[in-house]
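For reference, the structure discussed in these notes is given below.
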Amino acid sequence: MNEPATSTGGGFVRLRLDIAYDGTDFAGWAAQAGQRTVAGVLEEALSTVFRTPVVLRAAGRTDAGVHATGQVAHVDIPDDALAQAFPRSPRPVGEPEFLPLTRRLSRFVPEEVRVLRIERAPQGFDARFSALRRHYAYRLGTAPYGVLPQHARFVTPWPRPLDVEAMVAASRHLLGLHDFAAFCRYREGATTIRDLQRLDWERTGEVVTAHVSADAFCWSMVRSLVGALLAVGEGRRDPDWCAGLLDSTKRSSDFPVAPARGLSLVGVDYPPDDELAARIEITRDLRTL
């Protein structure tokens, strides 16, 4: 892995990027040969700007069709490439250092992807391993006519009534440090132990929203949690049923995952700068219950 440099001298400068995207027409975040992905279009744009291949590392590798308003990624840029692309020059007081890069990137990436902010990452920052927690929102539209056209790409239509109070009660059983194997697609060598810190629901008019936060998520975990809780909300399962799922050692087939359309990564939390390196060590440890 490249080591970020803080000044010229043949090293790398690590940049933090805050990113939003409409994931509808992407095959997920991670770059894949022959597939249109969010990381793929951003890496191509950055490589064009800096005239050198680059690789982005993200806080959350969202699946196909999943959106983000608060994705965070980092990229290591060779110090000389950064100096050539953006020579140091006086800038207006208060103007962010990498505002010109933000503007330039907006011309190289499709409208479904926006880099909201770019800044020099502090020493020890890693977008994935430094993160304390990720926040997701899942939105369902319960109106009889479906979802308003302006929201159709980001809200899952749900034509059947939902008992939100029952979903809230069931969600309480899932909070805390557990093995969420029942809610995760299998990935060899990956742990399914997670600390689920928030899982609650709110209804605003015809929109029902789940707010989900954890230190990390395994593959398809959020959509699986929502899928299980929708079974409760429709009355097909009792709220206590969710607690029993935590005893499973493999992905449950008792419920489908919720559609990708309604899911958005809305934020990532990081510790203070002087705790970033220590957080990486904690995150990399193999977790046990």
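Basis for what follows: all heavy atoms, side chains included, without hydrogens, waters or symmetry-related copies.
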Hey, does the Lys NZ or Arg CZ of R203 hover above the aromatic six-ring of W201, less than 6.0 Å from the centre and inside 45° of the axis?
-> no
How far apart are the C-alpha atoms of F98 and L82, what are their side-chain angles, what is the distance that settles it, and do they pass the side chain to side chain contact (heavy atoms under 4.5 Å, CB included) test?
-> CA-CA 11 Å; F98 293 103; L82 182 62; 3.8 Å; yes
Residues R133, D215: salt bridge by 4.0 Å N-O rule | no
Side chain to side chain contact (heavy atoms under 4.5 Å, CB included) between L263 and V226, intermediate numbers included = CA-CA 10 Å; L263 183 60; V226 172; over 6 Å; no
Return yes when atom CZ of R153 has more than 12 non-hydrogen atoms of other residues, nucleotides or ligands closer than 6.0 Å, and no otherwise.
-> yes
Taking the side chain from S224 and the backbone from V257, do they hold a donor-acceptor pair closer than 3.5 Å?
-> no
Which heavy atom in A58 sits nearest to a heavy atom in R128, and how many Å separate them?
-> O-CB, 3.4 Å
Nearest heavy-atom contact between H135 and S213 is ND1-OG, 2.6 Å
Any ring pair (Phe, Tyr, Trp, His ring centres under 6.0 Å) involving residues 258-282? Give me the pairs, sequence neighbours left out, ordered by first then second residue.
-> F125-Y270
Give me the one residue out of T209, V207, L230 that meets side chain to side chain contact (heavy atoms under 4.5 Å, CB included) with L140.
-> L230
If you measure from CZ on R251 to SG on C218, what distance do you get to the nearest 0.5 Å?
-> 10.0 Å
Is it the case that one hydrophobic cluster holds both V266 and I19, taking links as side-chain heavy atoms less than 4.5 Å apart, direct or via other members?
-> no
Might you work through the side chain to side chain contact (heavy atoms under 4.5 Å, CB included) test for V222 and V66, ending with a clear yes or no?
-> CA-CA 11 Å; V222 179; V66 176; over 6 Å; no
T191 (side chain) donor-acceptor with I193 (main chain) under 3.5 angstrom = yes
Counting only N and O atoms by type, is there a donor-acceptor contact under 3.5 Å from the side chain of H67 to the main-chain atoms of D22?
-> no
Could you give the distance from CZ (R223) to CZ (F217), rounded to the nearest 0.5 Å?
-> 13.5 Å
Are any of the side-chain heavy atoms of V212 and R134 separated by less than 4.5 Å?
-> no
Indicate yes or no: at least one non-hydrogen side-chain atom of L225 is less than 4.5 angstrom from one of Y138.
-> no
Indicate yes or no: at least one non-hydrogen side-chain atom of L276 is less than 4.5 angstrom from one of Q123.
-> no
Restricting to pairs with a member in residues 26-44, which pass side chain to side chain donor-acceptor pair (under 3.5 Å), not counting sequence neighbours?
-> R36-E112
If only atom types and distance count, is the side chain of R91 paired as donor or acceptor with the main-chain N or O of E95 below 3.5 Å?
-> yes
Is it true that V55 and V38 fall in one hydrophobic cluster, defined by side-chain heavy atoms closer than 4.5 Å?
-> no
Go through the steps for D254 and R236 under the test salt bridge (charged side-chain N to carboxylate O under 4.0 Å, His left out), then give the verdict.
-> CA-CA 11 Å; D254 290 346; R236 293 184 283 114; over 6 Å; no
Does CZ belonging to R61 count more than 12 external heavy atoms closer than 6.0 Å?
-> no
Decide whether W219 and L199 are clustered together by the hydrophobic rule: side chain heavy atoms of Ile, Leu, Val, Met, Phe, Trp, Tyr closer than 4.5 Å, transitively.
-> no
What pair of heavy atoms forms the shortest contact from V268 to A59, and how long is it?
-> CG2-CB, 3.8 Å
So, for F255 and F183, is the gap between ring centers shorter than 6.0 Å?
-> yes
Minimum heavy-atom distance T102-L116, with the two atoms named | CG2-O, 4.3 Å
Sub-4.5 Å side-chain heavy-atom contact between F129 and R284 = yes
Quick one: do L196 and W241 end up in the same hydrophobic cluster if we chain Ile, Leu, Val, Met, Phe, Trp and Tyr together by side-chain heavy atoms under 4.5 Å apart?
-> yes
Approximate separation, where rounding is to 0.5 Å, of R185 CZ and D63 CG | 7.0 Å
Is the number of heavy atoms from other residues, nucleotides or ligands within 6.0 Å of CD (E111) greater than 12?
-> no
Closest approach of F180 to H178 (non-hydrogen atoms, all atoms of both residues) | CD1-O, 3.4 Å
Neighbour count above 12 (heavy atom, 6.0 Å) for E119 CD = yes
Are more than 12 heavy atoms from other residues, nucleotides or ligands located less than 6.0 Å from atom CZ of R51?
-> no
Output, in order, the C-alpha distance, side-chain angles, deciding distance and verdict of side chain to side chain contact (heavy atoms under 4.5 Å, CB included) for D126 and T283.
-> CA-CA 11 Å; D126 184 292; T283 303; over 6 Å; no
Name the one of L101, L99, L105 that satisfies side chain to side chain contact (heavy atoms under 4.5 Å, CB included) with R103?
-> L99
Same cluster or not: are I282 and L132 linked, directly or through other Ile, Leu, Val, Met, Phe, Trp or Tyr residues, by side-chain heavy atoms under 4.5 angstrom apart?
-> no
So how far is it from L162 CG to L229 CG, rounded to the nearest 0.5 Å?
-> 10.5 Å
Output the distance between atom OG (S47) and atom CD1 (I77), rounded to the nearest 0.5 Å.
-> 8.0 Å
Can you measure from CG (D273) to CD (E275) and round to the nearest 0.5 angstrom?
-> 9.5 Å
Minimal heavy-atom distance between D238 and V232, with the atoms involved, is O-CG2, 3.9 Å
Any donor-acceptor N/O pair, R261 side chain to A152 backbone, under 3.5 Å | yes
Check: R172 and P239 side chains under 4.5 Å, non-hydrogen atoms = no
